[in-house]
Amino acid sequence: MDQREGFFARLRRGLSRTRAAWAGRLEGALAEAGSSEDDWDALEELLLGADFGVHATQRLLASVRGSSRAGNGDGAVLLRRALADLLKENPGMEGRRYSESPWVILVAGVNGVGKTTTIGKLAHRLEQSGKKVILAAGDTFRAGAIEQLEIWGGRAGAEVIKHGPGQDPSGVVFDAVHAAQKRRADVLLIDTAGRLHNKVNLVEELKKMRRVLGKVQQRAPHETLLVLDANTGQNAVAQARTFQEAVGVSGIVLTKLDGTAKGGVVLRIQQELAIPIEYVGVGEGIDDLQEFDSDAFVQAFFE
Ligand SMILES: Nc1nc2c(ncn2[C@@H]2O[C@H](COP(=O)(O)OP(=O)(O)OP(=O)(O)O)[C@@H](O)[C@H]2O)c(=O)[nH]1
Ligand SMILES: [Mg+2]
């Protein structure tokens, strides 16, 4: 694969399963829609099938039906426009990042969703744009987690601050902020443990990390990114609610879009949670993370 394959091409490839499963059928249903109530029901079924969720599906349908009644053009164009409009309702941070240094980003999520991989990809992107990045090995729980982060640090060219396995993650965070301050790093990315079985402890640990961060650097963490696996649908929404209540979430990273045929989950998550999607993961490679761009998403979904 060409390493310099463009961002859009990667996104398009990441969405290929979704596109193959739904784009043609949606456009087909839209070409019919309007003649009877059954046609709209068929469209609704398709949107639910692509994992847009009930709330977003109703809003999309209302918008398309409204414009269609007003005679505002063909259904497929109306759906794209409605999708793009809804996706813009919760814009991400975009240009508002990195105004303080170190800019501290806490990365959370249940196990296996792609936290460590996302940190590696993000560190690479930042290093490529000339930022100095430090990684904190805050997952001291899972065997091999520290080594995994070190491998990513090596690939991205970012130093890793670590303690031993089983040590208190808040201690790692404390040291990592000091190291980032001393070395004048631009960004500190904090990896955390994501174990499913004792959620209470996980959440308590995250709360403690946040408290420690706030003490050693005002306003830190500047972002708390929650990583969600695009394949988990409704469960992802439930996970986000838990984390949102416990530690606050500034943005979502939606990973493994390339592994799902239900890319509608992007809109569902953004609508049901009212939390911006900041990044999407479209593969396992170091270049397979993108800032979420709603227009590019809509285009890649259909074309
Ligand atoms: N296809 C695909 N795989 C991904 C993506 N992001 C992560 N993965 C894979 O998902 C698996 C788990 O990734 P990790 O980064 O280890 O996940 P984690 O959340 O850190 O897991 P724990 O540390 O065990 O909680 C790995 O095999 C990754 O390569 C993505 O966008 N697409
Ligand atoms: Mg991990």
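Starting from 1, each residue takes its place in the sequence as its number. The model shown is predicted, which means the values in this text are computed figures rather than measured ones. Ligands are counted one by one from 1 in listed order, and the atoms in each one are counted from 1 as well. Computed from heavy atoms alone, side chains included, the values below leave out hydrogens, waters and symmetry copies.
Using a cut-off of 2.8 Å, one finds that Thr192 contributes no N/O/S atom close to the Mg ion (ligand 2).
Side chain to side chain, Arg142 and Gln148 meet the donor-acceptor criterion of an N or O pair below 3.5 Å. Asp186 and Ser101 share no side-chain donor-acceptor pair at under 3.5 Å. Checking Glu89 against Gln271 by side-chain atom types alone, a donor-acceptor pair falls below 3.5 Å. Residues Ser63 and Arg81 bring no donor and acceptor atom of their side chains to less than 3.5 Å of each other. Gln290 and Arg10 are not linked by any side-chain donor-acceptor pair at a separation below 3.5 angstrom, with hydrogens and angles left out of the test.
Counting heavy atoms only, Gly112 comes closest to atom 22 (P) of ligand 1 of the residues Gly120, Ala108, Gly144, Gly112.
The single protein non-hydrogen atom nearest to atom 1 (N) of ligand 1 is Asp258 OD2, 2.7 Å, given as residue, atom name and distance. Atom 16 (O) of ligand 1 has its closest protein heavy atom at Gln148 NE2, 2.9 Å. From the protein, the heavy atom lying nearest to atom 3 (N) of ligand 1 is Glu284 CG, 3.2 Å. For atom 8 (N) of ligand 1, the closest non-hydrogen atom on the protein side is Lys256 CE, 3.8 Å. When only non-hydrogen protein atoms are considered, atom 17 (O) of ligand 1 lies nearest to Gly114 N, 3.0 Å.
Backbone and side-chain nitrogen or oxygen atoms of Thr255 are examined, and none is located within less than 3.5 angstrom of a nitrogen or oxygen of ligand 1. Polar contact check, Arg142 against ligand 1: a nitrogen or oxygen pair lies under 3.5 Å apart. Distances between N or O atoms of Gly283 and those of ligand 1 include at least one value under 3.5 Å. By the 3.5 Å distance cut-off applied to N or O atoms, Thr192 is not counted among the residues near ligand 1. The shortest N or O to N or O distance between Val113 and ligand 1 is under 3.5 Å.
In this structure, the ring of Phe297 has its center less than 6.0 angstrom from the ring center of Phe292.
For ligand 1, the atoms lying closer than 4.0 Å to a non-hydrogen atom of Gly281 are 31 (O). The atoms of ligand 1 that sit less than 4.0 Å from any heavy atom of Asp139 are 23 (O). Taking every non-hydrogen atom of Lys115 and a distance limit under 4.0 Å, the qualifying atoms of ligand 1 come out as 15 (O), 17 (O), 18 (P), 19 (O), 20 (O), 21 (O), 22 (P), 25 (O). Heavy-atom contacts of Val282 reach the following atoms of ligand 1: 31 (O) (cutoff under 4.0 Å). Close contacts of ligand 1 with Gly194, meaning ligand atoms under 4.0 Å from a residue heavy atom, involve 25 (O).
Side chains of Val113 and Leu228 form no contact here, defined as non-hydrogen atoms less than 4.5 Å apart. Between Phe243 and Thr224 there is no side-chain heavy-atom pair separated by less than 4.5 Å.
Using a 4.0 Å heavy-atom cutoff, Asp288 is absent from the residues neighbouring ligand 1.
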* To do: Take Thr116 and Asp191, measure what side-chain hydrogen bond (donor to acceptor under 3.5 Å, both in side chains) needs, and give me the verdict at the end.
  => CA-CA 6 Å; Thr116 307; Asp191 195 18; 2.9 Å; yes

* To do: Go through the steps to decide whether Leu189 and Val187 satisfy the test side chain to side chain contact (heavy atoms under 4.5 Å, CB included), and finish with yes or no.
  => CA-CA 6 Å; Leu189 300 173; Val187 186; 3.9 Å; yes

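At a heavy-atom cutoff of 4.0 Å, ligand 1 is contacted by both the backbone and the side chain of Thr117. Only the side chain of Lys121 comes within contact range of ligand 1, with a heavy atom under 4.0 Å; no backbone atom does.
Look at Glu100 and Arg219 and you find a salt bridge, because one of the NZ, NE, NH1 or NH2 atoms lies within 4.0 Å of a carboxylate O, short of that distance. A salt bridge between Arg268 and Asp51 is present, with a side-chain N of the basic residue lying under 4.0 Å from a carboxylate O of the acidic one.
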